[in-house]
Amino acid sequence: MTQKKSIFLRAVILALGILTLTVLLRLTWNLFLFCDEYNLSPDAVCGSSLDLGLLWLRLLAALLLLLGGLGLLFQLPLVRVVLVLSVVNLGISLRLLGTLLLFCHRQDISPALVCGSPLDWGLLWIQLIAALAILLCSLGLYFPKRAPKSSQGLRP
């Protein structure tokens with residue numbers, strides 16, 4: 001892998017980490033505002049106390065992912081850490097999306113209402129795409145493309 005491509009992937013991971021953390025903080029804030037306005041428990045909206053704990057774990061993973069991306073930019077050997085955190089972030093995000101959709105279906109309300117607005121509902125999907133992109137970039141750093149072997153010693 002060329003040095004420029006490696007630096008580019010590290011910068012992309014950092015930028016997507018900033019985007020992910022920002023969106024997750026906004027969505028979490030809006031979730032708690034929704035719970036307060038409609039007199040609901042965050043456990044009920046998230047699905048269970050386990051999923052509420054996963055919500056906080058996802059925020060922590062996004063913060064650590066941001067710090068890991070910053071460390072990668074400064075050439076620290078954190079590729080495995082970023083890879084694991086990106087898998088955790090994406091997995092928890094998908095689970096919480098499923099419980100959010102299930103809650104909205106059972107209550108017959110729009111997911112945009114729980115997220116805060118249609119814009120925030122779109123930001124949720126952007127966050128999922130960013131989490132997937134971080135995973136793919138970290139896989140690109142972890143498994144660099146190797147040059148093909150030369151065929152000098154082979155005879156036809």
Side-chain angles (χ1 to χ4, degrees), residues 5-144:
K5 185 176 180 182
S6 175
I7 291 173
F8 175 74
L9 286 177
R10 293 166 194 258
V12 167
I13 289 174
L14 178 63
L16 290 174
I18 292 169
L19 175 74
T20 298
L21 184 61
T22 305
V23 169
L24 288 178
L25 285 170
R26 181 179 174 129
L27 290 173
T28 303
W29 179 261
N30 288 344
L31 173 77
F32 289 119
L33 283 178
F34 172 80
C35 291
D36 187 47
E37 287 177 8
Y38 289 90
N39 201 21
L40 293 169
S41 163
D43 290 349
V45 177
C46 289
S48 67
S49 59
L50 171 69
D51 289 330
L52 183 61
L54 287 175
L55 179 84
W56 291 109
L57 182 63
R58 179 177 66 170
L59 281 172
L60 178 64
L63 177 65
L64 293 175
L65 192 61
L66 173 66
L67 295 175
L70 189 62
L72 282 176
L73 201 59
F74 290 108
Q75 304 293 329
L76 296 176
L78 297 172
V79 176
R80 287 183 184 170
V81 172
V82 170
L83 182 63
V84 169
L85 287 172
S86 64
V87 169
V88 167
N89 188 20
L90 183 62
I92 291 173
S93 294
L94 288 172
R95 174 171 174 129
L96 292 177
L97 174 66
T99 57
L100 172 72
L101 291 174
L102 186 62
F103 171 79
C104 291
H105 176 71
R106 288 181 179 163
Q107 301 297 322
D108 198 29
I109 59 174
S110 167
L113 180 66
V114 177
C115 290
S117 70
L119 172 68
D120 293 322
W121 174 239
L123 286 175
L124 175 75
W125 290 100
I126 290 173
Q127 183 271 325
L128 283 171
I129 292 168
L132 180 62
I134 291 172
L135 175 62
L136 293 175
C137 288
S138 60
L139 282 172
L141 287 174
Y142 190 70
F143 297 111

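Hydrogens, waters and symmetry mates are skipped; everything else that's a heavy atom, side chains included, is used.
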For residues 44-56, run the donor-acceptor check on the side chains, cut-off 3.5 Å, and write out each pair with its distance to 0.1 Å, sequence neighbours left out.
residue, atom, partner, partner atom, Å
Ser48, OG, Leu50, N, 3.3
Ser48, OG, Asp51, N, 3.3
Asp51, OD1, Arg95, NE, 2.6
Asp51, OD1, Arg95, NH2, 3.1

Restricting to non-hydrogen atoms, name the atom on [X] and the atom on [Y] that form the minimum distance, rounded to 0.1 Å.
X: Ala62; Y: Leu24; result: CB-CD1, 3.7 Å
X: Cys137; Y: Ile13; result: CB-CG1, 3.6 Å
X: Cys35; Y: Pro42; result: SG-CA, 3.7 Å
X: Asp120; Y: Cys115; result: CB-O, 3.4 Å
X: Ser86; Y: Leu83; result: OG-O, 2.7 Å
X: Leu16; Y: Ala133; result: CD1-CB, 3.5 Å

Spatial distance of atom [atom1] ([X]) from atom [atom2] ([Y]) [nearest 0.5 Å]:
X: Leu96; Y: Ile92; atom1: CG; atom2: CD1; result: 7.0 Å
X: Ser93; Y: Leu100; atom1: OG; atom2: CG; result: 11.5 Å
X: Gln127; Y: Ile134; atom1: CD; atom2: CD1; result: 8.5 Å
X: Leu141; Y: Leu136; atom1: CG; atom2: CG; result: 11.5 Å
X: Leu27; Y: Leu59; atom1: CG; atom2: CG; result: 9.5 Å
X: Asn30; Y: Leu119; atom1: CG; atom2: CG; result: 9.5 Å

Non-neighbouring partners of Trp125 that pass side chain to side chain contact (heavy atoms under 4.5 Å, CB included), sequence neighbours left out: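 Result, side chain to side chain contact (heavy atoms under 4.5 Å, CB included) vs Trp125: Leu97, Trp121, Leu128.
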
Side-chain heavy-atom pair [X], [Y] within 4.5 angstrom cut-off:
X: Phe103; Y: Thr99; result: no
X: Arg58; Y: Leu90; result: no
X: Leu70; Y: Arg10; result: no
X: Leu14; Y: Leu72; result: no
X: Leu123; Y: Ile126; result: yes

Full working for side-chain contact (heavy atoms from CB on, under 4.5 Å) between Val84 and Arg80: CA-CA 6 Å; Val84 169; Arg80 287 183 184 170; 5.5 Å; no

Ignoring hydrogens and geometry beyond distance, is a side-chain donor-acceptor pair present between Thr22 and Arg26 at under 3.5 Å?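 Result is no, nothing qualifies.
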
Under the side-chain contact (heavy atoms from CB on, under 4.5 Å) rule, what do Val23 and Leu124 come out as? Steps first, then yes or no, please. CA-CA 7 Å; Val23 169; Leu124 175 75; 5.8 Å; no

Who passes ring pair (Phe, Tyr, Trp, His ring centres under 6.0 Å) against Phe34, sequence neighbours left out?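 For Phe34, the residues satisfying ring pair (Phe, Tyr, Trp, His ring centres under 6.0 Å) (neighbours in sequence not counted) are Tyr38.
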
Measure from the side-chain N and O atoms of Ser138 to the backbone N and O of Leu135, and report whether any donor-acceptor pair falls under 3.5 Å.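 Confirmed, Ser138 side chain pairs with Leu135 backbone.
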
